[in-house]
Amino acid sequence: MSGDTSSGSKKTSGARGRFSGGIGYVLAVAGSAVGLGNIWRFPYLAAKYGGGIFLLVYLILMLTFGYVLIVSETALGRMTRKSPVGAFHAFGKSLPFQFGGWINAVVPMLISPYYCVIGGWVLKYLVEYVKGSAQILAADGYFTDFIADSGSVELWFVIFSLLVFFVILAGVKQGVERVSKVMMPALVLLAVFVAVYSVTRPGALKGVKYFLVPNFEDFSWMTVVAAMGQMFYSLSIAMGILYTYGSYMGKDVDIEKSTKQVELFDTGIALLAGMMIIPAVFAFSGGDMETLQAGPSLAFITLPKIFASMGVGTVIGIAFFLMFFFAALTSAISLVETSVSSFEDELHWSRPRCCLLMGIIMVVVGSASALGYGVLDHVKLFGMAFLDFFDFLTNSVMMPLAALATCFLILRVAGLKGIAEEVERSSTFRRKKMYNVFLKYFAPVCIGIILISSIANVLGIISM
Ligand code: PFF
């Protein structure tokens, strides 16, 4: 879900807009952070990469790297009052600065298209629930057949994308976001209810154990690579968003406190989604490896099975997918809006022209992702379908590069001292020591190792 700020409207209106205060900032960032990443992506990665061990690695990364990077991007945004390309330019115009700014800005442009493909899946399920197809959706093989039906997937992708552009161009973003402010707490309540139902099914406790208790035998490098990519994705790190949000933040807002609140909120919802979905895999499919490894399809296979077994599956299905749809819609709006405003700022084109350019990128990249499990099934990029490839490219390659660029900017130019001064404008820098050590030593080295190993893995040089 996105918050009530976006780069576009406020940035072009002369004086830069401001959040109403700490709460305004936290709500906006948490709004952007909570989306498909929490409900769709987190549970399937946790199921695939070892359950408890993935969770443990994720939590450690979130509390260390995640924290350091959120503070960094927010502080740089607030210091320069610019979104990423401008923020990097504020320190220099040579090639590394151009690269650093643009790599941050390009990530949302590549995520938006496939994000809208998944948004289309959510919308399709919502409509099917409204039509009363709860039992059909729960049937084995339904989802696989659906994504293989290219015409249908493309259609729902286009409808979802048109909704996103409609909201952006018609200027009804505020309205959508107001609705989702009600939907969000309702989604949390319903998710708690479904999670309780899910973990109390016979056989589900094994799933709770799998999800929560780390088993070190399940550890592999890929666990770390996947957890780090997910952390970037879920917290909206390394995609320029936090620079932009930081640029709207008042100088009196406590950066560390709001970072903690955002992390708590975002992780809480991911955990809840995991508790809904993973135990249900054990209760309804006996925890078989094939379902656990289902990848992007997991939520779409498992949730309908839970709802169908509830007796009131249609009602719960409609309610859940409606809220899920709003979470996806508002996040997609903020991704597309961010991309459009980067074009506006850097190309100095009119807003409709920038929307058109983004529309073309969406159609090309999105259609490849939409058709990748159907008519384009035979085309694989490094062994991956298009959607999986774009997901991998952005999360495991470009975002680490974007994060490295941020570390570079701080270590070489802006200075740890500069960041500390920015944070200390509003409060004492409580985790300054940890911040400095992490940013200086751990972050660049670990991101570098992960980046190299994930590329080597894909190229088949090493197997992880
Ligand atoms: N963090 C969002 C999610 O987990 O779904 C994805 C996202 C949404 C990233 C909006 C960036 C953004 F502007």
Side-chain angles (χ1 to χ4, degrees), residues 1-3 5 19 21-43 45-46 54-78 184-185 187-188 191 211-212 224 226-246 248-249 253-275 327 331 334 395 399-400 402-403 406-407 419 422-423 426-439 442-443 446-447:
M1 270 190 7
S2 97
T5 160
F19 289 114
I23 285 293
Y25 172 80
V26 171
L27 283 179
V29 177
S32 156
V34 176
L36 290 170
N38 307 63
I39 301 164
W40 158 73
R41 205 169 184 278
F42 179 84
L45 287 174
F54 176 89
L55 182 62
L56 181 67
V57 173
Y58 181 83
L59 292 177
I60 294 173
L61 286 175
M62 188 257 312
L63 292 169
T64 52
F65 283 103
Y67 185 85
V68 165
L69 287 168
I70 297 180
V71 169
S72 303
E73 294 189 11
T74 314
L76 285 167
R78 190 169 79 171
M184 207 56 221
L187 176 71
V188 174
F211 180 44
L212 297 182
V224 186
M228 173 164 282
Q230 172 61 14
M231 179 199 80
F232 288 141
Y233 190 97
S234 188
L235 292 167
S236 311
I237 299 172
M239 44 181 115
I241 307 278
L242 296 169
Y243 280 89
T244 310
Y245 281 119
Y248 296 123
M249 186 192 228
V253 176
D254 185 332
I255 295 185
E256 281 192 288
K257 191 168 145 205
S258 40
T259 300
K260 260 189 257 164
Q261 288 169 344
V262 167
E263 289 201 316
L264 196 71
F265 195 66
D266 188 70
T267 307
I269 298 198
L271 282 175
L272 206 51
M275 285 301 253
S331 281
S334 98
N395 287 271
M399 292 191 207
T406 297
C407 294
I419 298 289
E422 189 57 47
V423 173
S426 43
S427 59
T428 48
F429 195 169
R430 293 177 288 272
R431 294 209 212 159
K432 187 165 163 181
K433 268 212 185 95
M434 179 198 102
Y435 177 90
N436 287 348
V437 170
F438 254 88
L439 199 99
F442 288 99
C446 292
I447 298 172

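Worth knowing before you read on, the calculation uses all heavy atoms, side chains too, and leaves out hydrogens, waters and symmetry mates.
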Taking the side chain as C-beta and beyond, is there a heavy-atom pair between [X] and [Y] under 4.5 Å?
| X | Y | value |
| --- | --- | --- |
| Tyr67 | Thr259 | yes |
| Thr64 | Phe442 | no |
| Tyr58 | Ser234 | yes |
| Leu55 | Phe42 | yes |
| Met249 | Ser258 | yes |
| Ile419 | Leu439 | no |
| Ser32 | Met239 | no |
| Leu271 | Phe211 | yes |

Closest approach of [X] to [Y] (non-hydrogen atoms, all atoms of both residues):
| X | Y | answer |
| --- | --- | --- |
| Pro400 | Ile447 | O-CG2, 3.4 Å |
| Ser72 | Tyr435 | OG-OH, 2.7 Å |
| Val262 | Ala30 | CG2-N, 4.3 Å |
| Cys407 | Leu69 | SG-CD2, 4.5 Å |
| Val188 | Leu272 | O-CD2, 3.8 Å |
| Val253 | Arg78 | O-NH1, 3.1 Å |

Tyr243 and Thr406: side chain to side chain donor-acceptor pair (under 3.5 Å), yes or no, with the steps? CA-CA 10 Å; Tyr243 280 89; Thr406 297; 2.8 Å; yes

Test item: [X] side-chain N/O and [Y] main-chain N/O as donor-acceptor pair under 3.5 Å:
| X | Y | value |
| --- | --- | --- |
| Asn38 | Asp266 | yes |
| Glu256 | Arg430 | yes |
| Gln230 | Gly37 | yes |
| Asn436 | Lys433 | no |

Stepwise side-chain contact (heavy atoms from CB on, under 4.5 Å) check, Leu235 with Glu263: CA-CA 7 Å; Leu235 292 167; Glu263 289 201 316; 3.9 Å; yes

Once you round to the nearest 0.5 Å, how far does CD1 of Ile255 lie from CZ of Phe429?
->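 So the gap between those two atoms works out to 8.5 Å.
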
Nearest-0.5 Å distance that lies between atom CZ in Phe65 and atom CE in Met231 |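 Phe65 CZ to Met231 CE: 7.5 Å, rounded to 0.5 Å.
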
Q.
The test is side-chain contact (heavy atoms from CB on, under 4.5 Å); show your working for Met184 and Leu27 and say whether it passes.
A. CA-CA 11 Å; Met184 207 56 221; Leu27 283 179; over 6 Å; no

- Are Lys260 and Asp254 ion-paired here, with the side-chain N under 4.0 Å from a carboxylate O?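 Asp254 and Lys260: not salt-bridged.
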
query: After noting the C-alpha distance and the side-chain angles of Thr74 and Tyr25, does the key distance pass the side chain to side chain donor-acceptor pair (under 3.5 Å) rule?
result: CA-CA 11 Å; Thr74 314; Tyr25 172 80; 3.3 Å; yes

Next item on the list: Apply side-chain contact (heavy atoms from CB on, under 4.5 Å) to the pair Leu212 and Met275, showing each step before the final yes or no.
Entry: CA-CA 9 Å; Leu212 297 182; Met275 285 301 253; 4.1 Å; yes

